[in-house]
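Just below is one structure, and these are the notes that go with it.
Every heavy atom of this structure was used, including side-chain atoms; hydrogens, water molecules and symmetry mates were not. In this text, all values refer to a predicted model and were calculated from it rather than measured experimentally.
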Amino acid sequence: MKAILKGCYDVDKSAGAAATLAVNAGDVKLSASVTTFVHSPSLTGFSLAVEKPNSFVVDYNVPKKDFRFKFMNTVRVANKPLNLTYEHSRGDNRTVLDGTFEFDPANKVSVNYALDCGSCKLKYTYVHEGLTTFEPAYDVAKDTWDFAVSRRVYGDDTLEASYEISSKVLGLGWARDSKHAGCFKITASVNLAEELKASKLSAETTWSFEM
């Protein structure tokens with residue numbers, strides 16, 4: 001049995017907390033999650049999920065009475081992996097198809113297509129020497145590019161930067177994923193198109209416990 005506690009704070013919103021309890025039942029994992037915010041102490045989210053890793057996820061949002069289905073599969077093309085994902089949310093009738101083709105550990109191409117709105121995004125990922133990741137992405141519908149770069153430092157820490165050309169939003173982030181020092185993520189963003197360039201700041205930390 002595994003328990004996960006997550007705390008978050010958003011300058012524009014409020015502080016919040018989430019808890020997830022997961023139990024392994026053979027090949028599948030059963031989990032329950034709750035979410036609440038300081039300014040609204042009642043539970044704003046309660047969901048139940050059944051997951052088989054690398055195969056499927058069925059998630060039920062209790063307050064919204066909404067199901068989300070996600071199916072995953074991997075096939076080999078020219079002896080290279082092609083990861084396929086199908087995701088459908090019944091509440092907003094949204095269906096998303098995603099495919100990622102991995103040429104080698106350093107190079108892969110992804111395609112994301114939303115059936116409801118016709119949105120299609122293409123992304124190329126290049127990992128340089130296992131430390132620095134470059135991710136240019138092209139939005140076919142908007143005919144715009146986004147760029148992201150991240151650098152792993154000190155083993156467990158990652159520094160991130162991104163820029164969305166269509167919205168002119170610049171983002172910066174610092175994340176840590178460590179079994180000994182814990183996990184957290186701090187992000188900041190600013191809209192360069194705004195005359196008053198006020199930054200948005202959010203922080204998130206996660207604790208995991210084996211029970």
Distance col, row Asn191:CG vs Ser167:OG, nearest 0.5 angstrom, shows 6.5 Å
Tightest non-hydrogen contact, residues Gly99 and Leu84, listed as CA-CD2, 4.2 Å
d(Thr144 OG1, Lys121 NZ) to nearest 0.5 Å is 8.5 Å
Nearest heavy-atom contact between Leu170 and Ser162 is CD1-O, 3.3 Å
- Would you confirm whether Lys80, through its side chain, and Phe103, through its main-chain N or O, come within 3.5 Å as a donor-acceptor pair? yes
### Query
Hey, quick one: are Leu131 and Val149 part of the same hydrophobic cluster, counting side-chain heavy atoms closer than 4.5 Å, chains of contacts allowed?
no
* Side-chain contact, heavy-atom cut-off 4.5 Å: Leu82 with Glu102? -> no
message = Within a 6.0 Å radius of atom CG on Asp104, are there more than 12 heavy atoms belonging to other residues, nucleotides or ligands?
response = yes
Point to revise | Lys/Arg-Asp/Glu bridge criterion (N-O < 4.0 Å) met for Lys29, Glu51 | key: yes
CG of Asp92: more than 12 outside heavy atoms within 6.0 angstrom?
yes
Exercise for review: Could you label the plane-to-plane angle of the Trp174 and Phe184 rings as parallel, tilted or perpendicular, counting under 30° as parallel and over 60° as perpendicular?
Suggested key: perpendicular
Exercise. Does Val111 reach the side chain of Phe101, with side-chain heavy atoms less than 4.5 Å apart?
Worked result: no
task = Say whether Ile186 and Tyr154 are linked into one hydrophobic cluster, either directly or through other cluster members, by side-chain heavy-atom distances under 4.5 angstrom.
result = yes
Subject >> Side-chain donor/acceptor of Arg152 to backbone N/O of Gly130, under 3.5 Å >> reply: yes
Rounding to 0.5 Å, atoms CD1 (Ile4) and CH2 (Trp207) come to a distance of 12.5 Å
Any heavy-atom pair between the side chains of Arg68 and Val57 that's under 4.5 Å? yes
One should read off an interatomic distance between Lys6 NZ and Ser33 OG, to the nearest 0.5 angstrom, of 9.0 Å
Value for CG (Asp146) from NZ (Lys123), rounded to nearest 0.5 Å, stands at 10.5 Å
**Request:** Following the transitive rule for hydrophobic clusters with a side-chain heavy-atom cut-off under 4.5 Å over Ile, Leu, Val, Met, Phe, Trp and Tyr, establish whether Val62 and Phe67 coincide in one cluster.
**Result:** yes
Derivation of the side chain to side chain contact (heavy atoms under 4.5 Å, CB included) call for Tyr60 and Val50
CA-CA 9 Å; Tyr60 178 64; Val50 179; over 6 Å; no
Going hydrophobic residue to hydrophobic residue with side-chain gaps under 4.5 angstrom, can you get from Leu97 over to Tyr138? no
Going by heavy atoms in the side chains, are Met72 and Asn83 under 4.5 Å from each other? no
Per side chain to side chain donor-acceptor pair (under 3.5 Å), Arg176 is matched among Thr205, Asp157, Asp156, Thr206 by Asp157
Rounding to 0.5 Å, atoms SG (Cys117) and CZ (Arg94) come to a distance of 5.0 Å
ask   = Any side-chain donor paired with an acceptor under 3.5 Å for Asn61 and Ser47?
value = no
Whether Asp66 side chain and Gly91 backbone form a donor-acceptor pair below 3.5 Å
yes
Inset, instruction - May I have the step-by-step check of side chain to side chain contact (heavy atoms under 4.5 Å, CB included) for Val153 and Leu159, ending in yes or no? - result: CA-CA 7 Å; Val153 294; Leu159 302 178; 4.3 Å; yes
- Item | Shared hydrophobic cluster, Val190 / Leu201 (ILVMFWY, side-chain heavy atoms < 4.5 Å) | no
Would you say the side chain of Leu122 lies within less than 4.5 Å of the side chain of Val109, judging by non-hydrogen atoms? no
**Asked** So do Phe134 and Tyr124 actually touch side chain to side chain, heavy atoms under 4.5 Å?
**Response** no
| task | Would you check if there is a donor-acceptor pair between the side chains of Thr132 and Arg151 at a distance under 3.5 Å? | result | yes
Do Tyr163 and Leu192 touch side chain to side chain, with heavy atoms closer than 4.5 Å?
-> yes
Check: Are side-chain N/O atoms of Tyr86 and Asp98 paired as donor and acceptor at under 3.5 Å?
Finding: no
